[in-house]
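To keep things clear, I will list the structure first and then write my remarks on it.
Order of listing sets the numbers, starting from 1, for every ligand and every atom in it. Quick note: numbers below take in every heavy atom, side chains included, and nothing from hydrogens, waters or symmetry partners.
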Amino acid sequence: MNAYSAYRDTVKKLLDSGCENAEFEARQLVEFCFSLNETQLLMKNRENVDGLKLKRFNDCVERRSLGEPLQYILGEWDFFALKFKVGKGVLIPRPETEILPRLAIDQLKKTGGKVVYDLCSGSGCVGISIAKFFPNCRVYLFEISDEANYYARQNIKLHNLFNVELIQGDVKKGSKYFGLPNPDVIVTNPPYVPTYDIESLQREISFEPKIALDGGIDGLDFYNVISASWFGCLNPGGILAMECGENQIRGVLSFFLNISTGGKIIKDENGIDRVIMLKK
Ligand code: GLN
């Protein structure tokens, strides 16, 4: 079997299994298992591939065709132009979430703030991106899940960062419980999917941890906690940037009506209102 035939077979198999981006994903798996990029794949099409590599490749294709996300199979994914380790047990970084580090870095550059909290930090991709691109700050990641923290630790190491600290704990306990220096910026991509919507999401999402998705009956549990027990700890002039789900803006804002002095709503690349930024 040569790599090119393996690739063609895979595109077909992935299409049959309902994968929307079959050619792209098949190429990613070829690169991962055979270390061949797109051009090499097309050029080396007559060379037989190593049997062990082929076996590993077929295992990966099988996992993908059963619905496991490509990101878990590859074990890493790009976010904010950086690589992050991911796997079962941690939410996969999504492109719309890149709005959060962008806002945080702009704010830090403008105000010279130093302390950043990333609440419900998961793989750490948001806080780590901020720490990497604004080395002059100190970032605290707050996350309760052991599995997620396993990846966050690897990611801190991978990026060789000494200005990131992982705080294992329950965000629902509120800022006072942790007793850390007050932040200038809080970023968060909390679980925000309404409990009863989780079952109806894409097949791939069923492989992701429920704890990273389930935001309670209306999906808003964490925004309530953040308004009541975190917003107050921001330094004067500080900002809070929160990702939220489609059509949740009004619900989220209702928690902050009397405590914020203003802010703005930022749309994602699909034109959906995705992030709320509020000033203290
Ligand atoms: N963006 C994710 C989704 O719609 C949800 C992530 C989250 O709950 N923070 O699947």
Any nitrogen or oxygen of Pro190 lying under 3.5 Å from a nitrogen or oxygen in ligand 1? Just yes or no.
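Pro190 vs ligand 1: N/O contact under 3.5 Å present.
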
Under 4.0 Å to a heavy atom of [X] - the qualifying atoms of ligand 1, by number:
X      : result
Ile205 : 10 (O)
Leu213 : 5 (C), 8 (O)
Ala212 : 7 (C), 8 (O)
Pro191 : 8 (O)

Give a yes or no on whether a salt bridge exists between Arg274 and Glu269, defined as a side-chain N under 4.0 angstrom from a carboxylate O.
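Salt bridge: no.
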
Lys83 bridged to Asp78 by N-O distance under 4.0 Å:
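Judged by the 4.0 Å cut-off on N to carboxylate O distance, Lys83 and Asp78 do form a salt bridge.
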
From Phe256, Tyr223, Tyr117, residue fulfilling ring-ring contact (aromatic ring centres under 6.0 Å, His included) relative to Phe231:
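By the ring-ring contact (aromatic ring centres under 6.0 Å, His included) criterion, Phe231 pairs with just one of Phe256, Tyr223, Tyr117: Phe256.
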
If you count the non-hydrogen atoms of other residues, nucleotides and ligands that lie under 6.0 Å from CD in Glu20, is the total more than 12?
no

Whether over 12 other heavy atoms sit under 6.0 Å from Tyr150 OH:
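Open: at most 12 neighbouring heavy atoms sit under 6.0 Å from OH of Tyr150.
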
Below 4.0 Å from ligand 1: does a non-hydrogen atom of Gly245 turn up there or not?
no

With heavy atoms only and a cut-off of under 4.0 Å, state how Arg94 meets ligand 1: side chain, backbone, both or neither.
side chain

For atom 1 (N) of ligand 1, the protein heavy atom that lies nearest, with its residue and separation:
Tyr192 OH, 3.0 Å

Does the Lys NZ or Arg CZ of Lys109 fall within the cation-pi geometry relative to Phe134 - under 6.0 Å from the ring centre and within 45° of the axis?
no

